[in-house]
There are 2 protein chains.
Amino acid sequence: MSAAHSGEVGAEAIRPPGATVRRAPSRSSRKRESSESLNQNGHRVTIDQVAREAGVSTATVSRVLAGIGSVNATMAAEVKRVAATLGYRPFGAARDLASGHHRSIGVVVPDLANPYFYDIIQSAQTAAAKDGYRMLIADSGGDPATELSMCEDLLSQAGGLIVQSSRMDVTALKSLAAHNSPVVLINRVEYGVDLPHVGVDNFSAMLEICHHLTSLGHSKAVYLAGPASSWQNQERWRAIQQARMMGLEATAITAEPTIQGGYAATDAALVERPTAIIAFNDLVASGVLARLRELGVDVPKKMSVTGFDDIVFAKFTQPALTTAVTPRAVLGEQAWKILKARLNGHALPEVPLVKAEVLIRDSSAAPPER
Amino acid sequence: MSAAHSGEVGAEAIRPPGATVRRAPSRSSRKRESSESLNQNGHRVTIDQVAREAGVSTATVSRVLAGIGSVNATMAAEVKRVAATLGYRPFGAARDLASGHHRSIGVVVPDLANPYFYDIIQSAQTAAAKDGYRMLIADSGGDPATELSMCEDLLSQAGGLIVQSSRMDVTALKSLAAHNSPVVLINRVEYGVDLPHVGVDNFSAMLEICHHLTSLGHSKAVYLAGPASSWQNQERWRAIQQARMMGLEATAITAEPTIQGGYAATDAALVERPTAIIAFNDLVASGVLARLRELGVDVPKKMSVTGFDDIVFAKFTQPALTTAVTPRAVLGEQAWKILKARLNGHALPEVPLVKAEVLIRDSSAAPPER
DNA sequence: CTGTTAGCGCTTTCAT
DNA sequence: ATGAAAGCGCTAACAG
């Protein structure tokens with residue numbers, strides 16, 4: 001093969017004499033003190049070096065490493081060997097620029113310290129990784145303004161976005177949609193906003209919880225509500241209100257969506273003299289349980305408590321929590337599926353809200369006789 | 001200002017006649033169907049468009065948007081206005097390529113579903129974001145082999161790596177170190193491997209837990225061990241063995257580092273007839289508590305149980321868990337501090353292992369009389 | 001099947 | 001203070 005086997009002399013020598021003489025590359029003196037992924041000599045190993053060393057063209061190296069097209073087996077092996085020897089790792093930015101799209105997707109969540117989000121992140125990450133995408137994550141702290149700018153920001157490094165339980169108002173959401181970038185919402189449904197979403201059918205599940213309670217004989221409950229801007233909270237509360245027709249009287253008291261929040265709000269809830277406390281989620285319910293125990297209120301004999309989500313701990317609280325299983329892994333996969341379709345310009349698959357199964361455990365029972 | 005105000009005709013027209021004629025750009029026909037961040041017309045808004053529209057050079061736009069160097073205030077305002085109007089968002093890959101380094105760091109954890117890692121991830125993310133870095137996260141699933149390849153992989157998209165509780169063996173760690181890339185380890189100390197680390201002083205904290213137990217009168221305990229390849233587990237076990245000189249006899253039984261794991265391993269632990277069960281972490285301890293409750297074994301009267309980490313739930317278990325507070329947020333910040341120094345070519349700051357404070361709650365007490 | 005080569009969009013000299 | 005222009009390292013036409 002009389003390939004461009006130029007060895008060490010190569011490139012410079014074969015430049016045609018008539019070519020415009022380029023100004024000597026001042027670049028050689030450009031600062032390069034930040035040592036990120038450089039080899040021993042302080043230089044990044046590039047695809048050109050691999051190509052030269054292996055006696056092939058950069059195109060071939062690219063093909064071999066990407067596993068695209070067909071290449072002579074011997075050649076491929078040699079390329080791989082050289083790449084390994086040199087410790088070559090492609091420079092992602094160059095690849096993305098050349099191919100015209102980022103290989104990362106951004107994920108923004110309201111609170112990285114909340115276990116609820118991790119199951120979704122985990123499954124989305126696994127699914128995306130399978131397709132060669134990495135995941136950038138960011139914590140908006142639950143602040144709507146931060147959330148929007150965070151999204152805008154990520155969009156310059158990511159090919160698409162998965163936005164979890166967005167707290168943005170409709171205007172912000174619309175302005176995000178106007179970017180025309182691949183974005184999918186998780187657990188935020190907003191008609192009139194042109195953004196695909198996946199989510200849990202909170203309404204049905206909460207209605208079922210209410211039904212469970214009324215069939216047990218409860219008629220007076222307190223809802224420890226989550227953030228007002230949260231769609232999930234709105235849906236859950238809507239269901240509880242709907243349950244009035246089943247004979248369930250309920251008032252809402254806002255609580256921080258954390259264990260501490262539930263703990264702190266319990267006393268206020270008790271003032272209403274309910275026989276059941278419906279918590280926004282399992283975190284809140286756990287806090288309620290803890291406070292009730294302190295207060296000596298027997299659960300479920302004197303008070304029924306329900307959660308939502310079925311986080312790992314729900315099964316191990318004392319007593320074990322009655323809750324609704326929101327299939328988080330499914331949500332993550334669905335979100336990626338839609339995003340992927342969007343990235344590839346395919347038609348978006350229709351995914352209905354995911355049903356949440358209600359799990360009756362030990363924290364709910366018939367109300368005490370009055 | 002007679003700037004290059006070329007309007008729409010611009011570029012092509014002013015090309016000097018003597019210049020080498022480039023082959024007509026076949027690029028115009030290159031596929032561009034993947035709609036990622038394109039504007040209405042299906043084209044990405046580039047810095048050139050902004051520059052042209054604003055009647056300045058791309059260099060100026062770059063300066064304005066990066067806030068670097070000094071630019072005429074009026075001009076800057078105009079550039080910003082145009083950029084906003086056009087919906088311009090810089091293409092991260094191009095920026096990274098031009099500047100020579102990635103603006104992301106990779107974070108790999110053994111298990112994204114483990115709450116222990118949340119606080120670390122969150123604080124590291126916040127700290128890094130402040131310096132303009134994004135965070136790529138990946139879940140290795142706790143598999144050493146996957147972990148290494150995952151790191152290699154990330155290194156082509158990230159400027160540096162934070163590796164949590166690495167389970168890689170020394171050889172793998174060394175090969176990672178050999179890349180000479182900015183990597184910092186969290187909770188994995190390996191002398192002889194040239195990689196900076198931050199971590200918790202597991203040994204001292206566990207020794208203190210043991211001391212707490214012996215001073216209560218315990219002399220026979222079972223350690224529900226974590227993964228053998230985990231440095232934290234090794235350190236904790238080392239402390240327990242050390243505690244023999246304080247009169248604590250202990251045997252180790254391996255358990256999955258999860259609630260389920262603790263639950264499942266409890267029966268085997270009981271066979272040893274200990275008066276105390278020392279769990280690898282809070283998750284395991286929670287499982288133990290759940291099983292013990294089922295079995296009717298009173299904690300702490302009949303059995304003392306201790307955890308490690310002080311995850312949010314530790315305070316709310318029944319009874320509340322005696323544990324060691326590992327300051328996760330501090331770890332995340334320290335890790336970023338070191339990584340940043342490394343990325344900038346500064347000297348690495350020396351950070352000693354973080355002390356963990358032992359928190360005596362209700363799950364530990366004097367052993368029953370025999 | 002393989003090599004050549006033109007850019008991808010941006011930053012950063014360097015010259016003005 | 002501003003502009004011109006040279007690439008950063010890689011991919012993907014395109015031509016053989």
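Each chain gets a letter, A, B and so on, in the order its sequence line appears, and its residues count up from 1. Quick note: numbers below take in every heavy atom, side chains included, and nothing from hydrogens, waters or symmetry partners.
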For this session: Choose from D:dC10, C:dT5, C:dC10 the nucleotide whose nearest atom is closest to any side-chain atom of A:T58.
Result: C:dT5
Problem set entry | Options C:dG3, D:dA4, D:dA1, nucleotide nearest the side-chain atoms of A:M75 | C:dG3
Problem set entry | Phosphate contact (D:dG9 OP1 or OP2) by A:T46 side-chain N/O below 4.0 Å | no
For this session: Kindly say whether, by distance alone, the side chain of A:R89 makes a donor-acceptor pair under 3.5 Å with the base of D:dG9?
Result: no
Exercise. Choosing from C:dC10, D:dA4, C:dT12, which nucleotide comes nearest the side chain of B:S99?
Worked result: C:dT12
For this session: To the nearest Å, give me how far apart CZ (A:R52) and C1' (C:dT4) are.
Result: 15 Å
For this session: For the side chain of B:R63, starting at C-beta, report the closest nucleotide among C:dC14, D:dC10, D:dC8.
Result: C:dC14
For this session: Would you mind reading off the distance between B:I68 atom CD1 and C:dT13 atom P, rounded to a whole angstrom?
Result: 10 Å
Problem set entry | Residue B:S70, side-chain heavy atoms: nucleotide from C:dC8, D:dA1, D:dT11 that is nearest | D:dA1
Exercise. Looking at A:T60, does any N or O in its side chain come under 4.0 Å of the phosphate oxygens OP1/OP2 on C:dG3?
Worked result: yes
Exercise. Would B:R167 and B:D143 pass as an ion pair if we require N to O under 4.0 Å?
Worked result: no
Seminar exercise, completed: Regarding the side chain of B:F91, the nearest nucleotide among C:dG3, D:dA5, C:dG9 is C:dG9
Exercise. Considering only side-chain heavy atoms of A:S57, which listed nucleotide, C:dT4, D:dT2, C:dT12, is closest?
Worked result: C:dT4
For this session: May I ask you to decide if B:R81's main-chain N or O and B:T85's side chain share a donor-acceptor pair within less than 3.5 Å?
Result: yes
Exercise. Mind checking whether B:H102 and B:Y133 have ring centres under 6.0 Å apart?
Worked result: no
For this session: For D:dT11, take OP1 and OP2 only and decide whether either is under 4.0 Å from a side-chain N or O of A:S62.
Result: yes
